Amino acid sequence: MKIKNIRIKNFRRLENIEIDFEANETVFVGPNNSGKTSATVAFRLFLTSQDFKVHDFSVSKISALDAYGAAEESDESSLPTIDMDMWFTIDPNIEFGRVFSLVPNVSADLEEVGIRLKYSAKDAKKLKTEYRAAFPQTDGKAKKTLSHYLSLPGNLNRHFGLAYFALEKKDSESVTSPLEPDEGKRILRSLIRVDFVDAQRNINDNESGRSNRLSSAFAAFYKKNLEQAAINEEANRIIDENNSNLTSHYDEHFKGLMTVIEGLGVPSVNDRTMRIVSSLSPEIALQGNTSLLYIDQQLKHELPEAYNGLGFKNLVYMAIQISHFHMQWMKTEEKRPLCQIIFIEEPEVHLHAQVQQTFVANMWKIIREASQEVGEGHMVPQLAITTHSSHVIDAVDFGKIRYFRRCALDGESLSAAVTLNASKVLNLRDFKPQKKSAAGEVESEEDTLRFLQQYLKLTHCDLFFADAAILVEGCAEKLLLPSMIEKSALRLKRNYITILEVGGAYASRFASLLEFIGLPYLIITDTDSVDPTDNRKVCRADTQGAVTSNSSLKFFLAQPKDADGKKEKKDKKIEIKDHKALAPEKQILFENACYVAFQRPIAVAGYASDKLMHGRTFEETFIYENIQLFRDKEIDLGIDLSVSKGFEEEFNAIYERVRDASFKKTEFALNVVSSRATWETPRYIVDGLSWLERKMTKEAPDQAPKKDSNAKAA
């Protein structure tokens, strides 16, 4: 049996979400405060502790609680509940007996069964009576709300409890049949075991209450999972002999686990190895004290466990915990749960990148070897991993990712005043690249998906943890963009913005993915003017009849029209003048989710306002808009510039310098970064950053930037 799907309603940010689980590992990703940890906590509360708090109700349901308490006559059904639906895949030939109570029709050919857990009021009338007694009304109003009353110690769990229901799917809806509480608990215990490797592991060598020593973890593992040595009262008299014997005993019984841990790649073959030794004292000999030592095999030098890094300790601790949970499940003799899911939060803590990338594979190695060792090869748990590490998600299939996206509450329209208090969970297995270009054609779904998967893997992309994305042409823009944000859109620094270098040809392939996960994005691309008679021959952007070779501009921005108003064919060459004349608001696309920034003609210092220089690339445009710095050689371009040369000669000198083979864009960007000159961000990038800044701060996001509002005057 495997858990297939859950649905959570009215729990914290998870107002109404579904999560599909993979048969092996499922990875939860998303920005901070998007609900990943809440999904894990929901499992803990429903299946283990049941220690709910009033603020576990979604924000939108607190007012419903208070309304019920304030009303003289109110519908008891208006009291909110917190629900979790769980669906399991089953093998009817093997597991039918366990799930019989959940089967609505004995003759049905079932492959899945479901159970609903509902945290609801036990007696709504009694709740109101006791609330009114605690906080009598004065002039028809109580001093404290019902939610406040329920927040007081013990009140919520005295008035609310779990109810259980069998689920049946009818016409895509779930129909419930109530179960007796004891029956519901029994069924749930027989179906699933849930374990947690928490994020706050506090791995160190201290003995404080919040600390976890590795030696203690090994001792607990030994006590609960391995064959124990017999120690009697004579240990007090022959302590040294017993220490020696126990150390040999530990060597033998921990050998398998130690071999697996050494296979994790830390420590390496050049580092010290680990050994568990007995450190019994006469006073507490029977308690089985142990210490963890790191041994230099060559020098025969022993060091205590404090003498190793937190990353290694964290990795070993997780390996021990996962092994322990798995073995405890396999060793359950009576009514062993049919499936197990282990939640692992933030495994990347203290781990370097290479270990993060191999983490998932190494944990599966531990699990499979443990299953085979006890002859239970089919006993394989499911893992649910919550992470902020791009290295961890690099190592898993694209379709195993569940993206938590912040959104407005149900019934709220997204506006500048709305706080994103809820979340949606997106299954990337459902993602299908189907974004159409402005001309109407659709890029190959297979090619686009393959490209995205490879790009995310090769670049260790942090796209799934960002608040917004900026897609740039090349390395120069990427190097300078942080400084540009500092100069021109400082409020963006409050957000987590990922910058992707995708060139001019591949920005379109991100469009459908960014739309799918709901991430706003800015595209900073180039005009890329070419000769209208030969698209392999570059030309100045102001050349008569010049066309663009930039794929992003062709894909995202509207094509020119025929006289009859129909779009031209997609192979129609797009003239630079058409994009130059494009209204600024036309650069905002897909219902204000995307902005396309590209170069436009600008007035340049030293010349009349009608003398405009139009860059075809970022570097060209940067020079035009900071031309005096290059004339004064505050930033060296390698050529002499001067107004005295005249507009045409200076314009052409810059154009030829940038397109020359000796011009290195990365060196150019590094020269700008390292200079002490006070330079300005090109206007077209300022406009794009301003749009994104307004988008992220929810300030009139539908307004387009004013055209050339900061263009340099003559």
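Position 1 is the first residue of the sequence; numbering continues from there. Keep in mind that what you see is a predicted model, and the values were worked out from it rather than measured.
Taking the charged nitrogens against the carboxylate oxygens, Arg536 and Asp531 have no contact shorter than 4.0 Å, which rules out a salt bridge. Salt bridge present: Arg491 and Glu693 bring a charged side-chain N and a carboxylate O closer than 4.0 Å. Under a 4.0 Å N-O distance rule, the pair Glu680/Lys487 does not qualify as a salt bridge. The pair Arg683-Glu625 does not meet the salt-bridge criterion, since no charged nitrogen lies less than 4.0 angstrom from a carboxylate oxygen. Contact check on Arg540 versus Glu620 returns no salt bridge, with no Lys/Arg side-chain nitrogen under 4.0 Å from an Asp/Glu carboxylate oxygen. Residues Arg406 and Asp467 are paired through a salt bridge, judged by an N-O separation under 4.0 Å between the basic side chain and the carboxylate.
A donor-acceptor distance shorter than 3.5 angstrom exists from the side chain of Gln356 to the backbone of Leu351, with no hydrogens or angles considered. Side-chain N or O atoms of Lys457 include one that pairs as donor or acceptor with a backbone N or O of Asp394 at under 3.5 Å. In terms of modelled atom types and a separation under 3.5 Å, the side chain of Lys36 and the main chain of Pro31 share a donor-acceptor contact. With hydrogens and angles disregarded, no donor-acceptor distance shorter than 3.5 Å links the side chain of Glu25 to the backbone of Val396. Under a 3.5 Å cut-off, the side chain of Arg402 and the backbone N or O of Asp20 do form a donor-acceptor pair. The main-chain N or O of Ser642 is found under 3.5 Å from a side-chain atom of Glu650 such that the two form a donor-acceptor pair. Between the side chain of Lys573 and the backbone N or O of Gly545, no donor-acceptor pair lies under 3.5 Å. Side chain of Arg13 to backbone of Leu420: a donor-acceptor contact under 3.5 angstrom is found. A distance-only check finds a donor-acceptor pair linking the side chain of Asn626 to the backbone of Phe622 [under 3.5 Å]. For the pair Ser675 (side chain) and Val672 (backbone), a donor-acceptor distance under 3.5 Å is present.
Side-chain atoms of Phe630 and Ile639, non-hydrogen and from C-beta on, never get closer than 4.5 Å to each other. Counting heavy atoms from C-beta outward, Asp526 and Tyr684 have side chains that approach closer than 4.5 Å. At a threshold of 4.5 Å between non-hydrogen side-chain atoms, the residues Tyr595 and Leu692 do not count as touching. The shortest side-chain heavy-atom distance between Tyr655 and His614 does not fall under the 4.5 Å cut-off. Taking the side chain as every heavy atom from C-beta outward, Glu22 and Arg429 approach each other to under 4.5 Å. Using a 4.5 Å heavy-atom threshold, the side chains of Leu463 and Leu514 count as touching. Side-chain contact check for Phe598 versus Asn550: every heavy-atom pair is 4.5 Å or farther apart. No side-chain heavy atom of Leu553 sits less than 4.5 Å from a side-chain heavy atom of Asp528.
Side-chain contact check for Tyr496 and Asp462: at least one donor-acceptor pair (N or O, by modelled atom type) lies under 3.5 Å. Checking Asp632 against Gln628 by side-chain atom types alone, a donor-acceptor pair falls below 3.5 Å. Looking only at atom types and distance, the side chain of Ser549 has no donor-acceptor partner in the side chain of Asn535 under 3.5 Å away. Inspection of the Arg600 and Thr527 side chains reveals no N or O donor paired with an N or O acceptor under 3.5 Å. Counted by atom type alone, Thr40 and Glu345 present zero donor-acceptor pairs between their side chains at under 3.5 Å.
Between the CZ atom in Arg450 and the CZ atom in Arg509 there is a gap of 9.0 Å [rounded to 0.5 Å]. Taking CD of Glu575 as the start and OG1 of Thr543 as the end, the distance is 11.5 Å to the nearest 0.5 Å. Here Leu480 contributes atom CG and Ile485 contributes atom CD1; the two are 11.5 Å apart, rounded to the nearest 0.5 Å. Here the straight-line distance linking atom CD1 of Ile385 with atom CD1 of Ile393 works out to 11.5 Å at 0.5 Å rounding. Rounding to the nearest 0.5 Å places CG of Leu641 at 6.0 Å from CD1 of Ile627. For the atom pair OG (Ser512) and CG (Leu449), the distance works out to 9.0 Å, reported to the nearest 0.5 Å.
Minimum interatomic distance between Val547 and Pro532 (heavy atoms only, all atoms of both residues): CG2-CA, 4.1 Å. Scanning all heavy atoms of the two residues, the minimum distance from Thr617 to Thr621 falls at O-OG1, 3.0 Å. Ala541 approaches Ala546 most closely through the heavy-atom pair O-CB, 4.4 Å. Nearest heavy-atom pair, Pro520 versus Met696, reported as atom, atom and distance to 0.1 Å: CG-SD, 3.9 Å. Of all the heavy atoms in Asn592 and Lys695, the pair that sits closest is O-NZ, 2.9 Å. Looking at every heavy atom in both residues, Leu689 comes nearest to Ser488 through CD1-CB, 4.4 Å.
Around the OH atom of Tyr506, the shell of radius 6.0 Å holds no more than 12 heavy atoms that belong to other residues, nucleotides or ligands. Enclosure of atom NZ in Lys493 is not indicated, since only 12 or fewer non-hydrogen atoms of other residues, nucleotides or ligands lie within 6.0 angstrom. The environment of CG in Asn33 is sparse: at most 12 heavy-atom neighbours from other residues, nucleotides or ligands sit within 6.0 Å. No more than 12 heavy atoms of other residues, nucleotides or ligands shown are found within 6.0 angstrom of NZ on Lys611. Counted within 6.0 Å of NZ on Lys424, heavy atoms from surrounding residues, nucleotides or ligands total 12 or fewer; the atom is thus considered open.
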Checklist entry - Which is it for Ser389 and Phe359 under the side-chain contact (heavy atoms from CB on, under 4.5 Å) test, yes or no, and what are the steps along the way? => result CA-CA 11 Å; Ser389 167; Phe359 171 78; over 6 Å; no

Item to check | Steps toward side-chain hydrogen bond (donor to acceptor under 3.5 Å, both in side chains) verdict (Thr548, Arg616) | outcome: CA-CA 9 Å; Thr548 182; Arg616 70 180 302 277; over 6 Å; no

Next on the checklist: Set out, in order, the CA-CA distance, both residues' side-chain angles and the distance that settles side-chain hydrogen bond (donor to acceptor under 3.5 Å, both in side chains) for Ser58 and Ser60, then state yes or no.
Outcome noted: CA-CA 5 Å; Ser58 296; Ser60 60; 5.0 Å; no

Next on the checklist: Using side-chain contact (heavy atoms from CB on, under 4.5 Å), reason through Ile623 and Phe668 one step at a time and then give a plain yes or no.
Outcome noted: CA-CA 10 Å; Ile623 296 167; Phe668 171 81; 4.0 Å; yes

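Taking the six-membered ring for Trp and the full ring otherwise, the centers of Phe404 and Phe28 sit less than 6.0 Å from each other. Aromatic ring centres of Phe510 and Tyr455: separated by under 6.0 Å.
Ring geometry for Phe651 versus Tyr624: interplanar angle over 60°, hence perpendicular rather than tilted (30 to 60°).
Just one residue in the list Tyr521, Phe431, Phe590, Phe464 forms a ring-ring contact (aromatic ring centres under 6.0 Å, His included) with Phe516, and that residue is Phe431.
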